[in-house]
Amino acid sequence: MPQGLVKLRKIPYGIFKTKDWNCLHFFLLTTNRIVDILFIVEFEGGFVFLVQKYRTDGLKLSVEQEASEGLKEPRKVLYEDKDLVSTVSYTLKENHDAKESGNVGDTTDMLERTENGTKYENQDGDNQFQQREISSMSGEKKQLNQEIVQQDQNAHSQSRKVIDGKIKQLKDVKPNRAVPHDQNVQNMRKVTERINEMKDQVVRAKLYLSFTPPGSKSNLVKELKLRIKEVERAISGATKDSDLSRSALQRMRNMESSLSKASRAYPDCSSMTTKLRSMTQNTEEQVRSQKKQVSYLFHLAASTTPKGLHCLSMQLTAEYFALDPKERQFPNQQKLHDPELYHYAVFSDNVLASTVVVNSTVSNAMEPEKIVFHVVTDSLNFPAVSMWFLLNPPGKATIQVQSIESFDWLSTKYHAALRQNSSDPRYASELNHLRFYLPEIFPTLNKIVLFDHDVVVQKDLTRLWSINMKGKVNAAVETCHKSETSFHRMDAFINFSDPFVAKKFHADACTWAFGMNLFDLQEWRRQNLTTVYHKYLQLGNKRPLWVAGSLPLGWVTFYKKTVALDRRWHILGLGYESGVVRADIDRAAVIHYDGIMKPWLDIGIGRHKGYWSKYVNYEDSHLQRCNIHA
């Protein structure tokens, strides 16, 4: 026990007294998983606090004492179980009376007087205190002990109930500067109570070892090192208390005994507190460093093409160029410009990702024959994507595969504008910004639904086409509600310190998401929004107005030109640990793997991959040869 901390009772509920805040702080740090601090009261320049020790299946940690240490331990007042209830009852009653009367002197009569908080009274004083205490509570003791005898071998259990009742009464008094008992702590410790306590023992043991001189070979040092190895071995691989072996309890007792010896050898509370703070700071720095490394590796994995996908593209590309030019044509091309059909578009350089978008949309459609899919990719992946859909046509739906290089007007008029100052290919990619040129890409269409390539369609989308756009250009789900995991603020992506931005836009304006958007191309052309986008893109290249990417540019281009969709149309967050609940995912029309944990990557979130992988035919010979599995 730290020097300067006086324990006044050896009972499950202990009352302690100290005048040294460092001692109190050290006690709280080193016992936060072993005891509950029920209340702390300041008096006469010191502190009195009541603690409850957690039971560990009847485990009693024995404390060995070494006479050779030469340090005096406080006199212990021991009671039998039959005396336990009356002792605590007396103590709490006297404490309660003292609070009501406001007489602090009455409370201090219960405490053993100390000189400078380090020396205890002599044995005679202890005996007088014990006799006076037991005598004054004898009446209540007889009454309560009679009740215990009537409980037929259940005295200890009944005593705990009485104690809990008394503690509740005491907490209702609400003494000054009381620390309320956290009811949630007990629930958190139910499964890992012993493991957490043993981990705390290891920390304390390492703390004591840090105070030993370098190269020390004392018996205490050897003992602590041995105990650390034993406890670490006992909890290795254990995730809950039931995983611990029977010998773990004995090792726990042995460690507590060694810690008791160490506490007598190193009683300086101030040094202990300083060391603990230093250890905490070092640990936090290590955690921050590890988090940075993990973040870097995750982004590296997200920006790297998996070996299987690279293999698939190479196979399909070779087969495509082996085809006769006439065999490279898709059927039903007359439907591509029919505005009465349901037109969907996806811009992607990923064969499997675009396949899932197409397959999931068509397989869930009530009228797949009315669906026309427009897939746009880059020149490098055009052969592979084309060959895949030639081999795997989307049922009754019509499909078109185009290369961005085929848009001559784009390369001559907008090529410079599409070059973004960003090292992340997801943001600098021309395919990512191609969404702002939809009216030019599909000049004969009136409406179109644009998908990101990391979405999965789970419902029929026919009703989406009949939504009243209210004269707006874009229909999207909002992301401006703080209660939702997809929440975004405009000022997190846009620089509102710039006078132009502050005058033109409002920081509290509601944001929305890309991923599934319905665009009214007629209204888009009427308002000439492609030119508006081009102007903002050029301004952003000259000075830092917003972060790289298409999302902030979409917010400013379609500012006050977006109608909100019901959130059930489009659920976000499956590409990062957002905590999206399964019920929301199941009832969503479209689910979106936004974030870096894409479902086709090894870093994808396992519990969400099934929604995506069920639309991939892993029995396909190309996937088999490239070792692509679910």
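Residues take their numbers from the sequence shown, with the count starting at 1.
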In Å, rounded to the nearest 0.5 Å, how long is the span from CD of Glu484 to CG of Leu572?
9.0 Å
What is the distance from atom OG1 of Thr192 to atom CG of Asp241, rounded to the nearest 0.5 Å?
6.5 Å
Heavy atoms of other groups near His310 NE2, more than 12 under 6.0 Å
no
Considering only heavy atoms from C-beta outward, does the side chain of Asn495 approach that of Val501 to under 4.5 Å?
no
Residue Tyr618 excluded, over 12 heavy atoms near OH under 6.0 Å
yes
Could you pull out all donor-acceptor pairs under 3.5 Å where a side-chain atom in residues 385-399 meets a protein atom, sequence neighbours excluded?
| from | atom 1 | to | atom 2 | distance (Å) |
| --- | --- | --- | --- | --- |
| Ser386 | OG | Phe382 | O | 2.8 |
| Trp388 | NE1 | Thr355 | OG1 | 2.9 |
| Asn392 | ND2 | Trp388 | O | 3.0 |

Quick test of your reading: applying salt bridge (charged side-chain N to carboxylate O under 4.0 Å, His left out), list the pairs with at least one residue in residues 496-505, sequence neighbours left out, ordered by first then second residue.
Asp498-Arg543
Could you tell me whether the side chain of Ile585 reaches within less than 4.5 Å of the side chain of His608, counting heavy atoms only?
yes
Only pairs under 3.5 Å count here: list side-chain donor-acceptor contacts from residues 278-294, not counting sequence neighbours, and write none if there are none.
| from | atom 1 | to | atom 2 | distance (Å) |
| --- | --- | --- | --- | --- |
| Thr280 | OG1 | Leu276 | O | 2.8 |
| Asn282 | ND2 | Ser278 | O | 3.3 |
| Thr283 | OG1 | Met279 | O | 2.8 |

Those residues at least two apart in sequence (or on a different chain) that pass salt bridge (charged side-chain N to carboxylate O under 4.0 Å, His left out) with Glu405 are none
Mind checking whether Tyr536 and Trp546 have parallel, tilted or perpendicular rings, split at 30° and 60°?
perpendicular
Return the CG to CG distance between Asn617 and Leu623, rounded to the nearest 0.5 Å.
7.0 Å
Please collect all salt bridge (charged side-chain N to carboxylate O under 4.0 Å, His left out) contacts where either partner lies in residues 604-621, sequence neighbours excluded, each pair once.
Glu577-Arg607
Are the side chains of Leu352 and Trp612 in contact, using a 4.5 Å heavy-atom criterion?
yes
Under 6.0 Å between the ring centres of His453 and Trp600?
yes
Starting at CG of Leu464, measure out to OH of Tyr344 and round the result to the nearest 0.5 Å.
7.0 Å
Side-chain polar contacts of residues 365-373 - donor-acceptor pairs under 3.5 angstrom, sequence neighbours left out - could you list them?
| from | atom 1 | to | atom 2 | distance (Å) |
| --- | --- | --- | --- | --- |
| Glu367 | OE2 | Lys370 | NZ | 3.4 |

Can you tell me how far CG of Leu434 sits from OG1 of Thr377, rounded to the nearest 0.5 angstrom?
10.5 Å
Any chance the side chains of Asp243 and Thr239 put a donor and an acceptor closer than 3.5 Å?
yes
Sorted by chain and number, sequence neighbours left out, side chain to side chain contact (heavy atoms under 4.5 Å, CB included) with Lys307 holds for none
Evaluate the ring planes of His433 and Tyr533, with Trp represented by its six-membered ring, and classify them as parallel (under 30°), tilted (30 to 60°) or perpendicular (over 60°).
tilted
Should Lys447 and Ile467 count as side-chain neighbours, where that means a heavy-atom distance under 4.5 Å?
no
Pairwise side-chain contact, Tyr320 with Arg328, heavy-atom cut-off 4.5 Å (strictly under)
yes
Can you say whether the rings of Phe514 and Trp512 are parallel (under 30°), tilted (30 to 60°) or perpendicular (over 60°)?
perpendicular
Donor-acceptor side-chain pairing of Asn350 and Ser348 below 3.5 angstrom:
no
Positive for side chain to side chain contact (heavy atoms under 4.5 Å, CB included) with His570, one of Leu565, Val477, Ile591:
Val477
Please report the interatomic distance CD1(Ile596) to CG(Leu300), rounded to the nearest 0.5 Å.
10.5 Å
Using the rule given for side chain to side chain contact (heavy atoms under 4.5 Å, CB included), can you reason through Glu440 versus Leu410, listing the C-alpha separation, both sets of side-chain angles and the distance that settles it, and then say yes or no?
CA-CA 9 Å; Glu440 287 80 7; Leu410 183 65; over 6 Å; no
Just checking, any donor-acceptor pair under 3.5 angstrom between side chains of Ser486 and Thr479?
no
Holding to ring-ring contact (aromatic ring centres under 6.0 Å, His included), I want the full list of residues that pass it with Trp524, two or more places apart in sequence or in another chain.
Phe519, Phe558
Could you work out, with ring-ring contact (aromatic ring centres under 6.0 Å, His included) as the rule, every residue matching Phe496, not counting sequence neighbours?
none
Results of ring-ring contact (aromatic ring centres under 6.0 Å, His included) for Phe442 - residues two or more places apart only
His374
Tell me which pairs pass salt bridge (charged side-chain N to carboxylate O under 4.0 Å, His left out) where either residue lies in residues 506-515, with sequence neighbours left out.
Arg489-Asp508
In chain order, what residues pass the salt bridge (charged side-chain N to carboxylate O under 4.0 Å, His left out) check against Asp566, with sequence neighbours excluded?
Arg568
